[in-house]
Structure formats: C-alpha cells, structure tokens
Amino acid sequence: MTIKARKLRFDTLLIHGGLEAGPAGATTVPVVQSSSFAHHTAEDLEDIFRGRKVGQVYTRIGNPTTESLEKRLALLEGGIAAIATASGMAAITTAVMTIVRSGDEILASSSLFGGTFSLFRDTLANYGIRAKFVDPTDITAVRNGITEQTRLIFVETIGNPKLDVPDIPAIAAAAQEAGVPLMVDATVTTPYLARGTELGADIVIHSTSKFINGTGSAIGGAIIDMGSFDWGSGKFPHFEPFAKKYRNFAFTARARKLIHKDFGACPAPMNSFLLTEGIETLALRMDRHCENAMQLARFLKGHDKVKWVNYPGLEDSPHHGVAKRLYKGKYSGLLTFGLADKSAAFRFINGVKLAKNLANIGDAKTLVIHPASTICSDFGPEEKALMGVTEELVRVSVGIEDIDDIIDDFAEALDNI
Amino acid sequence: MNLTVNGKPATIDRKETLNITALLDELKVAQPEYVTVELNGEILERDNFESTVVRNGDTVEFLYFMGGGN
Ligand SMILES: Cc1ncc(COP(=O)(O)O)c(C=O)c1O
C-alpha cells in the first residue's frame, strides 16, 4: 500500500489499488500457483519467520496473488490491513475467534444471514461462547444488550434476507462507549455504498463470493481491519502482547499469527485472481444492481398478485431513511416480496425463465429463491420470524441484465401463477 | 554511525542525527507503514518515530507480523 495509492479515488482504486506490475508487463495480477516459496539461505528464511523481513513462506499463511487482493480491499474500505479467506464464513469464523474466548459474549443482530446465525447460536455455544441476539434497528435494545461479558458486537449493513438497515454509526458510538469492537458484515452493501471508515466499523467482513466477485465464479471472504480499536485497554488480556508490539495492527497480527494460520482457511490463489478481476467493475455493477432493483421493486409493488414488497429503496420502507443517509441513495440489489402462499411462490419460481433458482446473491444474473424451504429450512418458526422469513416470501438478487427483460420474465411468471 | 540492525552490523554514512522516520527511509525498510520498530529492546510508539533519534551503538530491530509463522 503506497502513499500515492491512498490518494486515488474509489473507482480508480478498484482497478489499480494493490496491483504491482506483473512479470513481462502483465496488467492482471499473476496467479502464483505455488504452495510454498523457496529462499536462498537459511538466514533469509529465519529472518522471515522472526518477522525481521517481509517474504512469502507458505500459501496457507500468505500468497502474492492473495496479497494483491488484500491490499486492494484494505484501500477500498479505508482500513490498515486485510486478510482474504476461503469463504465469507471462514472470514467470520477467523475474525470472531481472534477476539472472543470461552466465557465471552457476542452481541449480535437477530436478523443475520443464516450461516452466521447458526455459527453464533449453535457452533460457538459448544465452546463456551454465548451469543445474545437483539433487533439491530433498536438502538436502545443494542445498548441494553451490552453486558460485562460482551467482547464483540456483530451486525450486517443490510440484513440478508430481512433487509433491515441498522443505524451503524449509532451502534458504533454505543460500542465505543462500552469499549467493545464493532464487526460489520458489509457483504450486501460493499465498500462502494459505504466504506468501513464512514460507518464507524472496527472490523469489516465480506463474503467476496457475492458482489465483489460479481459473476458467481468463486467463493471467498475478507476481514478488513480499520485499525480503530484500542486492544490494549485491559479488557482483552489475550491481546496485550500484540497491542504492545503491533499497536493498532494488534487485531490483524493476532489473526495472522494465530487464528488464520491455525484454522487454515486460506483462499486458493486462483480464487484470489478471480476476485481481484471481479472487483474492478464493482462500481459500475453496483450502480446497475441498485437501479434495476429499484425498478423491479416498483414494478412488483404495482402488480395485483404481489401482496407486499420489501426493498429499502422504497420510500414507504421503514428502513428507507437510515438507508438513504448511510448509503448515499443506493440500496443494493436485494429485495423480497410476498405472494399468496408457498404454493404461489413455488409456481412463480418455476415460471421464471431468465432468473436462476439458486442459493446465492450478488451475481450479474438475476437470482430467485424461496428461503423458508431452502436456506432457512433448518430454522424453527421463531428464528424464521426474526429473519423475516415467511412461507409466501421470495428473495430476489436483482442482476445487471436489461431491466425490461427482467420485468418481462417476472411479469410472465406472475401471470402464470 | 554504527548500528546493529536486525542482528547485523550496519554503518550509516551521515553526519547529522537521524530520527526513526529518516532511518526507515535511509535503510529502505520495506513496507514502513506496517513495520514495528524496536530500539535497544524497547518497542517504539509510531507517534514517536519523528522525535526519536538513533545514536552510535544502538540496536534496532524492524519487525513484521505478516509472512512467517510464530
Ligand atoms: C451477508 C452474508 N454474510 C456471509 C455469507 C457467507 O459467505 P460465504 O458463502 O462466502 O461463506 C453470506 C452468504 O452466503 C452472506 O449473504
């Protein structure tokens, strides 16, 4: 990360950030498909292991292709360092386990992506880590949820699939007062709608599998450290040696030297390449995702077979005000809508021809799914209610096709229900 | 001025005193924005790089948390 690169504007950083000249003048990041890296002398490798020299050792720990992606993501979020991981869930697991220990509490949004919800509620509970879930749009509930044991607050910028929009700067203020770090999953908004620094996040998470990749061609995740949290406050004794030695890099240092290295959820270099390529067009794609989603939301709202439409871009959405303030009048590409019942939702999904029925978001292609019977099928009625998932609900990740073709496809499928 | 830098002797051919920022530049230390600097066994605050000068005989370590293992 050079000083010069820091001064470039966002859309330019998407293309040039973190990219150093490749061999023979290559303009794309080279795919360094090597497990390990040889060094001339025993002393060289000793220096790298002791931290006296920068150098690559082993692809689980670091890789030149992955490093380009990490530098670009750090610049885009306004952070000081980033760690790319094998998936979004790997990013969350690595980042959370870097912070919490047995006996600690996580204060989490009750409308999280299902994978994160089950990680917190079920998997981590087996290791003595307790999660407390609160409505993230209720700032009083967030404040009251913080206890002596809270060591992390975790929210999504726009909840998937509830599409609620918490006031993150307000949560950040509460977190700061309590001396607790705020981790924000910004998968749905991407740094294009708001950078981590603007939101007041301490750590930003992405499933880069989604909008950052943009074409549904690779799974990946990222952890971006804003360098804003004071890990040396005494509340995190396991951070003391890292805070002393690495100051505001303490989080990234602990993650890299322990959890990321030990859990081993590193990305494949080829995936880092695909993600670095994909991110170049993020700004253009996000604009189109947002415009198309707005138009589709308006079309669905006017359709007599559609009972309701949930999109933060709609003025009558309860989340419109906060979303407009935080994300500069852009509302991302996810919307949900309700039909008469589950059977109508199935008939609609079976009726679309252009849109794909699959479990993903953020692809260039328009995607539809019935969450209650698929991605949320393991959850009981109570959890489904928290996630805003009902039987008649269809989730749409609006793609970047010509909007008239998307609307034609939906219109035909709705007519045939 | 003779220093020990990362365990090896280093001679710096300059008359005037050097602060840490200038030393990072003089020794072309890689990725200076990430490096941790230890002067005679004490870790320096980044904010004090400008005001801390090195003297003949000092031991300096430049440490990274990236690559490597433990
Ligand atoms: C908001 C959000 N966070 C995290 C994830 C998990 O990411 P991944 O599938 O890359 O592990 C997803 C999607 O699956 C998501 O939508």
Side-chain angles (χ1 to χ4, degrees), chain A residues 1-6 18 20 36-37 39 43-64 66-67 70-71 74-75 79-83 225 227 232 240-258 260-262 264, chain B:
Chain A
M1 197 193 304
T2 62
I3 301 299
K4 224 164 72 200
R6 275 211 174 278
E20 270 140 45
S36 203
F37 301 91
H39 294 270
E43 288 79 5
D44 283 343
L45 205 48
E46 182 191 40
D47 276 351
I48 295 172
F49 270 80
R50 285 185 63 168
R52 282 174 161 177
K53 228 165 91 177
V54 190
Q56 299 292 350
V57 172
Y58 190 67
T59 283
R60 170 160 46 74
I61 292 158
N63 171 282
T66 298
E67 196 179 302
E70 290 167 342
K71 286 185 174 169
L75 287 165
I80 59 165
I83 301 174
D225 183 355
E240 292 292 327
F242 295 92
K244 187 170 184 309
K245 201 157 178 178
Y246 303 110
R247 310 288 169 196
N248 62 332
F249 288 100
F251 170 82
T252 300
R254 186 165 203 275
R256 280 215 181 271
K257 284 182 161 288
L258 294 173
H260 184 52
K261 173 180 73 80
D262 296 349
Chain B
M1 176 163 54
N2 294 314
L3 303 173
T4 305
V5 176
N6 282 359
K8 294 192 194 83
T11 303
I12 292 173
D13 208 11
R14 284 219 347 207
K15 292 274 184 298
E16 67 274 32
T17 56
L18 277 185
N19 66 21
I20 299 297
T21 310
L23 183 71
L24 288 167
D25 194 44
E26 177 80 21
L27 296 176
K28 299 194 168 50
V29 172
Q31 312 206 13
E33 65 274 28
Y34 292 127
V35 79
T36 294
V37 181
E38 230 179 63
L39 179 61
N40 301 322
E42 285 287 315
I43 292 160
L44 292 180
E45 292 274 358
R46 192 152 275 276
D47 291 346
N48 296 339
F49 281 10
E50 293 282 337
S51 58
T52 307
V53 294
V54 283
R55 301 201 164 76
N56 195 41
D58 278 351
T59 297
V60 190
E61 290 271 323
F62 299 117
L63 299 170
Y64 299 90
F65 61 81
M66 298 129 92
N70 278 312

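Excluded from the calculations below are hydrogen atoms, water molecules and symmetry mates; all remaining heavy atoms, backbone and side chain alike, are included. These numbers were taken from a predicted model, which means no experiment stands behind them.
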Distance-minimising heavy-atom pair for B:Tyr34 and A:Ile80: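 It is CE2-O, 3.2 Å.
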message: Within this structure, what is the CD-NZ distance for the pair B:Gln31 and A:Lys71, rounded to the nearest 0.5 Å?
response: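 NZ of A:Lys71 is found 4.5 Å from CD of B:Gln31.
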Beyond-backbone contact of B:Asn6 with A:Arg50, side-chain heavy atoms, under 4.5 angstrom: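 In short, these two side chains do not touch, never coming nearer than 4.5 Å.
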Side-chain atoms of residues 53-63 of chain B: list all donor-acceptor pairs with protein atoms under 3.5 Å, sequence neighbours left out, distances to 0.1 Å.
| from | atom 1 | to | atom 2 | distance (Å) |
| --- | --- | --- | --- | --- |
| B:Asn56 | OD1 | B:Asn2 | N | 2.6 |
| B:Asp58 | OD1 | B:Asn40 | ND2 | 3.1 |
| B:Asp58 | OD2 | B:Arg55 | N | 2.7 |
| B:Glu61 | OE1 | A:Arg52 | NE | 2.9 |
| B:Glu61 | OE1 | A:Arg52 | NH2 | 3.4 |
| B:Glu61 | OE2 | A:Arg52 | NE | 3.4 |
| B:Glu61 | OE2 | A:Arg52 | NH2 | 2.6 |

- request: Tell me, yes or no, whether the heavy-atom count around A:Tyr58 atom OH, taken from other residues, nucleotides or ligands under 6.0 Å, exceeds 12.
  value: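 Counting other residues, nucleotides and ligands, OH of A:Tyr58 stays at 12 neighbours or fewer.
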field: chain B contact via A:Asp47 - which portion, at a heavy-atom distance below 4.5 Å
entry: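 Only the side chain of A:Asp47 comes within 4.5 Å of chain B.
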